[in-house]
Amino acid sequence: MADVHERRYDRERAMELLYEAAQKDLSIAEVLAGLPVPPEPYATELATGADSVMESLDATISARSKGWTLERMPLMDKVLLRLGIYELEHQPDVPTGVVINEAVELAKRFCAAEAASFVNGLLGAVTRSTGAGR
């Protein structure tokens, strides 16, 4: 398995790629094509994977978020939730606790103060409802 710090960096990079794509209304493929240096493979895998199932991820977020619509959510919160749910559902080699912890840490660094607890709660709800725990 990859080094913890490498995976942490890859998640952050995937988050940046997804954010840029959403901000500029581009596909991940377009964002990647415009980069002078390609990201690490795991960052690319996470970003392209999340992008490929975005509708499903957004439906999961909508179903689990109490009192928040996707339209009301800050973009970075949505990006982190999409990334976390994608990793929970499509990366079975990564322990659930690691996925949630990494998403919460990214929320602490890049989002408003209350976002970390929101991300933690929503990813926990997804884990409980889908049995994604491992």
Side-chain angles (χ1 to χ4, degrees):
M1 182 176 250
D3 178 77
V4 171
H5 298 291
E6 289 175 19
R7 284 275 174 109
R8 178 167 289 158
Y9 172 79
D10 290 344
R11 285 182 187 94
E12 184 175 328
R13 189 67 181 115
M15 174 200 72
E16 292 167 350
L17 294 167
L18 289 166
Y19 184 84
E20 181 178 349
Q23 201 57 10
K24 294 179 177 179
D25 198 27
L26 298 172
S27 71
I28 285 294
E30 291 171 308
V31 171
L32 292 171
L35 296 175
V37 177
E40 294 297 321
Y42 193 64
T44 300
E45 180 182 343
L46 289 176
T48 58
D51 187 60
S52 73
V53 294
M54 190 76 67
E55 285 182 28
S56 171
L57 298 174
D58 285 351
T60 299
I61 294 167
S62 293
R64 304 292 183 292
S65 58
K66 306 290 185 223
W68 283 91
T69 62
L70 277 173
E71 295 75 27
R72 266 188 75 206
M73 268 179 223
L75 179 57
M76 188 59 80
D77 293 11
K78 283 190 283 195
V79 165
L80 286 174
L81 290 168
R82 289 168 176 161
L83 190 58
I85 294 167
Y86 175 78
E87 203 168 9
L88 285 171
E89 293 179 347
H90 299 278
Q91 300 294 324
D93 63 314
V94 183
T96 299
V98 170
V99 173
I100 294 173
N101 184 62
E102 292 291 320
V104 168
E105 289 303 314
L106 287 170
K108 287 177 183 177
R109 289 183 53 212
F110 295 99
C111 301
E114 63 279 355
S117 62
F118 177 66
V119 167
N120 184 51
L122 198 138
L123 292 179
V126 168
T127 299
R128 287 186 297 280
S129 69
T130 63
R134 46 190 175 270

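Counting begins at 1 with the first residue of the sequence. Owing to the predicted nature of the structure, the values given are computational and were not obtained by experimental measurement.
Considering only heavy atoms from C-beta on, Tyr42 comes within 4.5 Å of Val94 through its side chain. Between Pro38 and Leu32, the closest side-chain pair of non-hydrogen atoms is not below 4.5 Å. Residues Glu102 and Arg7 are not in side-chain contact: their nearest non-hydrogen atoms beyond the backbone lie 4.5 Å or more apart. The closest side-chain heavy-atom distance from Leu106 to Val119 is not below 4.5 Å.
Among all heavy-atom pairs drawn from Gly84 and Leu123, the shortest one is C-CD2, 4.0 Å. Heavy atoms only, all atoms of each residue included: Phe118 and Ser65 are closest at CZ-CB, 4.1 Å.
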Legend entry - Test log, rule side chain to side chain contact (heavy atoms under 4.5 Å, CB included), inputs Arg64 and Leu81: CA-CA 11 Å; Arg64 304 292 183 292; Leu81 290 168; over 6 Å; no
Inset, instruction - Output, in order, the C-alpha distance, side-chain angles, deciding distance and verdict of side chain to side chain contact (heavy atoms under 4.5 Å, CB included) for Thr127 and Val99. - result: CA-CA 11 Å; Thr127 299; Val99 173; over 6 Å; no
Inset, instruction - Decide yes or no on side chain to side chain contact (heavy atoms under 4.5 Å, CB included) for Ile61 and Met73, but give the supporting numbers first. - result: CA-CA 10 Å; Ile61 294 167; Met73 268 179 223; 3.5 Å; yes
Inset, instruction - Go through Glu89 and Leu57 one step at a time and tell me if the side chain to side chain contact (heavy atoms under 4.5 Å, CB included) criterion holds. - result: CA-CA 10 Å; Glu89 293 179 347; Leu57 298 174; 4.2 Å; yes
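Looking at Arg11, its side chain never comes within 3.5 Å of a backbone N or O of Leu83 through a donor-acceptor pair.
The CZ atom of Arg82 sits 11.5 Å away from atom OG1 of Thr60, with the distance rounded to the nearest 0.5 Å.
Identified under the side-chain hydrogen bond (donor to acceptor under 3.5 Å, both in side chains) test for residues 12-22, with sequence neighbours left out: Glu12-Arg109, Arg13-Glu16, Glu20-Lys24.
Pro39 pairs in a side chain to side chain contact (heavy atoms under 4.5 Å, CB included) with only one of the listed residues (Asp10, Thr44, Val31), which is Thr44.
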